[in-house]
Amino acid sequence: MKKIWKILVCSLALVFLLTGCGEKIVAKVNGEKITEEQLNIKVEQAAAMNGYDLEGENGDIVKKFLQEQMLQAMIMEKLVIQDAKEKNLPFDKKVLKEEMENFKKNFKSEKEYQDFLTSMKLTKKGMEDIYKYMLTYNQLFEEVTKDITTPTTDPEQYYNEHPEEFDQPEMVQVRHILVEKEEEAKEIIALLEKGEDFKKLAIERSKDESVAQNEGLMEYFPMGGYMVPEFEEASFALKEIGSYTKEPVKTDFGFHIIKLEGRQEPRHIPFEEVKDAMHERFLAEEKNTKFQEYEQELLANANVENLLSQENEEGNVEEQGQEEQGQGQELEQEQEQEQAGNSDQEEAASGEKN
């Protein structure tokens, strides 16, 4: 009995050593492991953030796609963090704390914040890790691109060579109130007719989640698909500043009451208005290009083992082998049937001769 017990203990110890507490490794980045559990957490978070259903009809296809995408992102994340450590870039915990506190200010209560984390498959530590990586990434970005201070593209020359890009169409700015039912929208219009303040009603009655930040006011927009057709048509139909729709405007989001707050006529934007933005745009483009080249260089020089990719390739080969084997068996069956048919015909011919 003791001998059997010793064998069992040794077997379990061997399994423990071989499996590493049951952790399945899906990638190694310069010796650092990424486990299947870590990958699946990222996949669930990505699915939650993008509204993908992993349990639906095409759940397996979506999950496989997300696994491949998220694993590539996790590999690059490892490389960035490793290089940041190698460069001894300082990390300020105070900045992380401030960023987290600023993010929490977007929520009305602690419960709302916790509900958000739950819906996104996140924990408090998970959110801190995201911000920590973002801050590390930004530090590294600034370090790698610090030598690029002036874009090689001259903004004024570009402006003169591409005049059509700076033709601004007619644009309007509106404030709106969004509600679920037409009856409520008509009730609000009746209150406006009696002199109620539009902004006040927007804050009190609109179900648009952005109303807490913008009080129902939207940025200037042109015709041509920037808003849903019904909303766009109703907005441009208003002619006088301060006028509003007298009937509810129905869209897929609900019923809107729309007020015209401003209008800009078509014009060609002067260079002085856009030169600073163009300078920043070209600078950002060149910095992004350099950082992408840096990322590719990191990847090229790293020792990366993508075990998930190898597993998928082996699975595809196995599936192909099974398919070819199945086709071979079908072909053999057809040949046997054909031979059997030929034998029957020969026997019949022989009988006729006799």
Side-chain angles (χ1 to χ4, degrees), residues 76 80 83-84 87 89-92 94-106 130-176 199 202 208-228 231-232 235-236 238 241-242 258-298:
M76 185 53 66
V80 166
D83 201 49
K87 287 180 167 56
L89 295 181
F91 184 80
D92 194 337
K94 289 183 180 179
V95 175
L96 174 62
K97 186 178 179 181
E98 288 172 4
E99 290 290 339
M100 290 296 297
E101 288 175 352
N102 289 335
F103 178 73
K104 286 185 69 174
K105 288 177 183 177
N106 293 311
I130 289 173
Y131 267 90
K132 188 174 182 179
Y133 173 67
M134 284 170 55
L135 292 170
T136 301
Y137 182 94
N138 290 340
Q139 274 187 303
L140 198 55
F141 184 91
E142 293 302 321
E143 176 66 22
V144 171
T145 64
K146 64 183 179 183
D147 294 334
I148 302 176
T149 56
T150 304
T152 55
T153 303
D154 179 51
E156 189 167 10
Q157 182 181 345
Y158 184 92
Y159 176 89
N160 292 329
E161 291 176 354
H162 302 82
E164 70 285 351
E165 288 189 24
F166 305 96
D167 288 333
Q168 181 178 288
E170 179 186 14
M171 302 177 75
V172 295
Q173 184 180 43
V174 300
R175 193 185 300 274
H176 80 127
K199 182 167 73 174
D208 188 342
E209 293 180 0
S210 66
V211 72
Q213 286 78 41
N214 60 23
E215 299 176 332
L217 185 66
M218 309 185 78
E219 296 294 331
Y220 276 93
F221 63 89
M223 288 281 281
Y226 286 86
M227 300 291 172
V228 291
F231 190 95
E232 192 175 89
S235 298
F236 277 87
L238 297 168
I241 305 297
I258 304 168
K259 178 185 177 184
L260 183 64
E261 295 282 2
R263 183 186 298 276
Q264 292 180 353
E265 298 301 325
R267 69 187 184 114
H268 185 74
I269 306 172
F271 175 68
E272 289 300 316
E273 285 188 27
V274 294
K275 68 176 184 179
D276 291 340
M278 290 176 69
H279 180 276
E280 293 302 317
R281 167 189 158 187
F282 295 136
L283 190 64
E285 286 175 357
E286 292 185 26
K287 281 178 173 284
N288 286 333
T289 299
K290 182 168 183 180
F291 195 77
Q292 286 169 7
E293 291 171 353
Y294 153 81
E295 286 182 316
Q296 291 306 311
E297 186 179 346
L298 272 184

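Any value given below was found using the heavy atoms of this structure, including those in side chains, with hydrogens, waters and symmetry copies removed.
Classified by interplanar angle (parallel below 30°, tilted 30° to 60°, perpendicular above 60°), the ring pair Phe221/Phe231 is tilted. Ring geometry for Phe291 versus Phe141: interplanar angle of 30 to 60°, hence tilted.
The closest donor-acceptor contact from the side chain of Arg263 to the backbone of Leu238 lies under 3.5 Å. Proximity of a side-chain donor or acceptor of Asn160 to a complementary backbone N or O of Gln157 within less than 3.5 Å is not detected. No donor-acceptor pair under 3.5 Å is formed between the side chain of Glu143 and the backbone N or O of Leu89. A distance-only check finds a donor-acceptor pair linking the side chain of Arg175 to the backbone of Glu215 [under 3.5 Å]. Judged by distance alone, with hydrogens and angles left aside, the side-chain atoms of Glu219 form no donor-acceptor pair with the main-chain N or O of Gln173 at under 3.5 Å.
Salt bridge Lys94/Glu98: absent, no basic N to carboxylate O contact under 4.0 Å. A salt bridge links Glu273 with Arg267: the distance from a Lys NZ or Arg NE/NH1/NH2 to an Asp or Glu carboxylate oxygen falls below 4.0 Å. Salt bridge annotation for Lys259-Glu261: present, with a cationic side-chain nitrogen under 4.0 angstrom from a carboxylate oxygen.
In Tyr226, the OH atom is not crowded: 12 or fewer heavy atoms of neighbouring residues, nucleotides or ligands sit closer than 6.0 Å. Dense packing is recorded around NZ of Lys290, with more than 12 heavy atoms of other residues, nucleotides or ligands lying under 6.0 Å away.
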Ile130 and Met134: side-chain contact (heavy atoms from CB on, under 4.5 Å), yes or no, with the steps?
CA-CA 6 Å; Ile130 289 173; Met134 284 170 55; 3.9 Å; yes
Please step through side chain to side chain donor-acceptor pair (under 3.5 Å) for the pair Gln168 and Gln264, ending with a clear verdict.
CA-CA 9 Å; Gln168 181 178 288; Gln264 292 180 353; 2.9 Å; yes
Steps toward side-chain contact (heavy atoms from CB on, under 4.5 Å) verdict (Tyr131, Lys97):
CA-CA 9 Å; Tyr131 267 90; Lys97 186 178 179 181; over 6 Å; no
What verdict does the side-chain contact (heavy atoms from CB on, under 4.5 Å) test give for Val95 and Leu135, after you've listed the backbone C-alpha separation in whole Å, the side-chain angles of each residue and the deciding distance to 0.1 Å?
CA-CA 9 Å; Val95 175; Leu135 292 170; 4.0 Å; yes
Where do Glu142 and Lys146 land on the salt bridge (charged side-chain N to carboxylate O under 4.0 Å, His left out) test, with the steps shown first?
CA-CA 5 Å; Glu142 293 302 321; Lys146 64 183 179 183; over 6 Å; no
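Rounded to the nearest 0.5 angstrom, Ile258 CD1 and Glu232 CD are separated by 10.5 Å. The CD atom of Glu209 sits 12.0 Å away from atom CG of Asn106, with the distance rounded to the nearest 0.5 Å. A distance of 11.5 Å separates CD in Glu280 from CD in Glu285, rounded to the nearest 0.5 Å. The structure places CG of Asn288 at 11.0 Å from CD of Glu293, a figure rounded to the nearest 0.5 Å. Rounding to the nearest 0.5 angstrom, the gap separating the NZ atom in Lys87 from the CD atom in Gln139 is 12.5 Å.
With sequence neighbours left out, the salt bridge (Lys or Arg N to Asp or Glu O under 4.0 Å) criterion links Glu295 to no other residue.
When only modelled atom types and interatomic distance are considered, Gln296 and Gln292 share no side-chain donor-acceptor pair under 3.5 Å.
A side-chain hydrogen bond (donor to acceptor under 3.5 Å, both in side chains) with Lys287 is found for exactly one of Asp147, Thr145, Thr149, namely Thr145.
Annotation: cation-pi geometry not satisfied between Lys275 and Tyr159 (NZ/CZ under 6.0 angstrom from ring centroid, within 45° of ring axis).
Minimum heavy-atom separation, Ala202 to His176: CB-O, 4.1 Å. Phe282 approaches Pro151 most closely through the heavy-atom pair CB-CB, 3.6 Å. Of all heavy-atom pairs between Ser235 and Leu260, the closest is O-CD1, 4.4 Å. Nearest heavy atom pair, residue Met278 against residue Pro155, reads CE-O, 3.1 Å. Of all the heavy atoms in Ile241 and Gly262, the pair that sits closest is CD1-CA, 3.6 Å. The two residues Gly216 and Val211 have their closest heavy-atom pair at N-CG2, 3.7 Å.
The shortest distance between side-chain heavy atoms of Met171 and Phe236 does not fall below 4.5 Å. Side-chain contact between His279 and Leu283: present, with at least one pair of heavy atoms (C-beta onward) separated by less than 4.5 Å. In this structure the side chain of Asp83 reaches within 4.5 angstrom of the side chain of Leu298, judged on heavy atoms.
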